Amino acid sequence: MPELPEVETVCRGLRPWLEGARLAEVMQRRADLRWPLPDGFAARLQGRRIERVERRAKYILCHLDNDEVLLAHLGMSGRMVVAADADAPLEPHDHIVLVTDAGAQVRFNDTRRFGMMDLVPESGLERHWLLKDLGPEPLGNAFNGPALAAKLAGRRTPIKAALLDQKTVAGLGNIYVCEALFFARLSPRRLAYTVQGRRAESLAHAVREVLTRAIAAGGSSLRDYRQSNGELGYFQHDWAVYDREGEACPGCDCEIAACGGIRRMVQSGRSTFYCPRRQR
DNA sequence: CTACCATCCTGGTTGC
DNA sequence: TGCAACCAGGATGGTA
């Protein structure tokens, strides 16, 4: 699912409804998502004020007024839906419902239930087992060519797999890895340790660029994903290679009949889309 | 370290 | 049309 641009869009959509609001009521409709929810989950949220909504990688962090943080991940199919009508009946897979003192409702809906929520003390946030090994934020100051090169040094795994690894850089998923490799003109098969110097510079730049453009478009909408106001993101129309097998490469001017256009292959069990002519 | 696989779930699409 | 197989934006954990 949702990768960094979609999660960023969700956070931006939630802020007007949640920041500064107090949770008047929290409905927990099942005991577990991907993992069990913590003991007393709903009761511990009830009455708390949400001070800030932040994003770290693909995680949503709601900082509460008691120095705890509501940590959430959307998994593959998770959505945060702001209910226009608070009386509207709950949908299937609406697992958690937050009701604010202003009467707004945020419903966490997750069909495949690969998402998670947890309550974490602010002081131990960085040491949380899901956060402690995350690499740098790709849009932060710590992410650049040399930093990426250092992470890739010595790694004999394909660059595609290295970028999907959240320890290398945090927040990329299958779509944006394919897109970034295309713009950096690097083959997804290239071994990670060979991406150094100018290539690492170019890749770091491509990652930043594609994420920035995707956020500006409100993310990509596949089957499940919508912005929290119900609008669709539209970056899926801007994909250069993802889900475009057989189409013409937007960077080459060759005849499709001759080159076959964009290819699809499977790497570590996931689809990779690329242009074999342009990406080396 | 690395690759590979299974796993958690549901639902939409494809192919026979 | 029916039904089964396959596929999907994520991420962990085990094995060899």
Side-chain angles (χ1 to χ4, degrees), chain A residues 1-10 29-37 55-60 71-80 91-96 108-118 128-135 138 151-181 188-194 207 210-211 214-215 217-228 232-239 241-246 264-273:
Chain A
M1 129 57 170
E3 306 182 31
L4 186 151
E6 291 75 39
V7 178
E8 177 62 30
T9 302
V10 167
R29 307 186 65 232
R30 52 177 307 134
D32 49 58
L33 299 172
R34 176 172 184 176
W35 295 294
L37 287 154
R55 178 189 59 72
R56 167 71 172 117
K58 300 175 198 173
Y59 291 89
I60 299 167
L71 177 66
H73 193 290
L74 302 176
M76 292 272 253
S77 56
R79 294 154 48 189
M80 293 286 186
E91 308 263 322
H93 315 296
D94 275 344
H95 303 310
I96 306 287
F108 176 70
N109 181 290
D110 185 8
T111 46
R112 291 175 72 183
R113 228 184 314 131
F114 287 6
M116 60 77 60
M117 284 194 182
D118 198 5
H128 190 277
W129 65 289
L130 290 169
L131 304 183
K132 66 183 171 62
D133 293 324
L134 289 176
K151 286 281 193 183
L152 299 175
R155 297 186 59 183
R156 318 193 67 82
T157 192
I159 187 64
K160 162 88 189 297
L163 289 179
L164 280 176
D165 182 346
Q166 303 295 298
K167 295 195 264 304
T168 307
V169 53
L172 297 178
N174 207 33
I175 294 177
Y176 297 106
V177 165
C178 291
E179 295 294 300
L181 287 171
R189 286 199 178 91
R190 172 182 283 276
L191 295 186
Y193 73 92
T194 69
V207 165
V210 72
L211 294 179
I215 290 170
S220 302
S221 294
L222 272 85
R223 314 170 169 72
D224 307 307
Y225 173 74
R226 280 169 179 266
Q227 303 188 39
S228 40
L232 296 167
Y234 48 90
F235 194 71
Q236 65 279 10
H237 305 300
D238 294 345
W239 292 338
V241 288
Y242 187 83
D243 206 22
R244 294 193 177 281
E245 183 180 16
R264 184 184 96 101
M265 67 175 163
V266 174
Q267 288 180 293
S268 40
R270 329 222 10 214
S271 291
T272 298
F273 298 87

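Not measured: the values here are computed from a predicted model.
Rounded to whole Å, atom P of C:dA11 lies 13 Å from atom CG of A:Asp133. For the pair A:Arg113 CZ and C:dA11 C1', the interatomic distance rounds to 17 Å; values are reported in whole Å. Separating the CH2 atom of A:Trp129 from the P atom of C:dT12 is a distance of 7 Å, rounded to the nearest angstrom. One can place CG of A:Leu172 at 10 Å from P of C:dG10, the figure rounded to the nearest angstrom. Rounding to whole angstrom units, CD of residue A:Glu245 and C1' of B:dT14 are separated by 14 Å. Taking atom CG of residue A:Leu130 and atom P of nucleotide B:dC8, one finds them 18 Å apart after rounding to whole Å. Taking atom CG on A:Asp165 and atom P on C:dG13, their separation rounds to 13 Å, with Å as the unit. Regarding A:Met116, its CE atom lies at a distance of 18 Å from the C1' atom of B:dT7, rounded to whole Å.
Among the atoms of the strands shown, none is found under 4.0 Å from any heavy atom of A:Arg30.
Open room surrounds CZ on A:Arg156; 12 or fewer heavy atoms of other groups in view lie less than 6.0 Å from it. More than 12 non-hydrogen atoms from other residues, nucleotides or ligands lie less than 6.0 angstrom from CZ of A:Arg244.
Taking the P atom of each, C:dC3 and B:dC9 are spaced 25 Å apart, rounded to whole Å. Remark: the separation of the P atoms in B:dT10 and C:dT1 is 27 Å, to the nearest Å.
A close approach under 4.0 Å does occur between a side-chain nitrogen or oxygen of A:Gln166 and OP1 or OP2 of C:dA11. Residue A:Lys167 has no polar side-chain atom (N or O) positioned under 4.0 Å from OP1 or OP2 of C:dA11. Within the 4.0 Å cut-off from OP1 or OP2 of C:dA8, not a single side-chain nitrogen or oxygen of A:Ser77 is found.
In this structure, A:Leu71 and A:Leu131 have side chains that are in contact, with non-hydrogen atoms separated by less than 4.5 Å. For the pair A:Arg113 and A:Arg30, the minimum side-chain heavy-atom distance is below 4.5 Å. Looking at heavy atoms from C-beta onward, A:Leu74 lies out of side-chain contact with A:Phe114 at the 4.5 angstrom threshold. Contact check for A:Leu134 versus A:Tyr59: side-chain heavy atoms found under the 4.5 Å cut-off.
Stem regions for DNA chain C, each three or more consecutive Watson-Crick or G-U pairs with both distances under 3.5 Å and listed by first number, read B:2-8 with C:10-16, B:10-16 with C:2-8.
With hydrogens and angles ignored, no donor-acceptor pair closer than 3.5 Å exists between the side chain of A:Arg270 and the base of C:dA8. A donor-acceptor contact under 3.5 Å is formed by the side chain of A:Arg112 with the base of B:dC9.
Side chains of A:Tyr242 and A:Ser271: no donor on one and acceptor on the other come within 3.5 Å. If you check the side chains of A:Asn109 and A:His95, you find no donor sitting under 3.5 Å from an acceptor. When only modelled atom types and interatomic distance are considered, A:Lys160 and A:Thr272 share a side-chain donor-acceptor pair under 3.5 Å.
Among the nucleotides B:dT10, C:dG10, C:dA8, the one closest to the side chain of A:His93 is B:dT10.
Using a 4.0 Å cut-off between charged nitrogen and carboxylate oxygen, A:Arg155 and A:Asp165 count as a salt-bridge pair.
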Can you tabulate the close N/O pairs, meaning under 3.5 Å, that link protein atoms to atoms of nucleotides 1-5 of chain B?
| unit_1 | atom_1 | unit_2 | atom_2 | d |
| --- | --- | --- | --- | --- |
| B:dT2 | OP1 | A:Arg156 | N | 2.8 |
| B:dT2 | O3' | A:Arg156 | O | 3.4 |
| B:dA3 | OP1 | A:Arg156 | O | 3.4 |
| B:dA3 | OP1 | A:Thr157 | OG1 | 3.2 |
| B:dA3 | OP2 | A:Thr157 | OG1 | 2.6 |

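Lacking a ring centre under 5.5 Å from that of the base six-membered ring together with a plane angle below 30°, A:Phe114 does not count as stacked on B:dC9.
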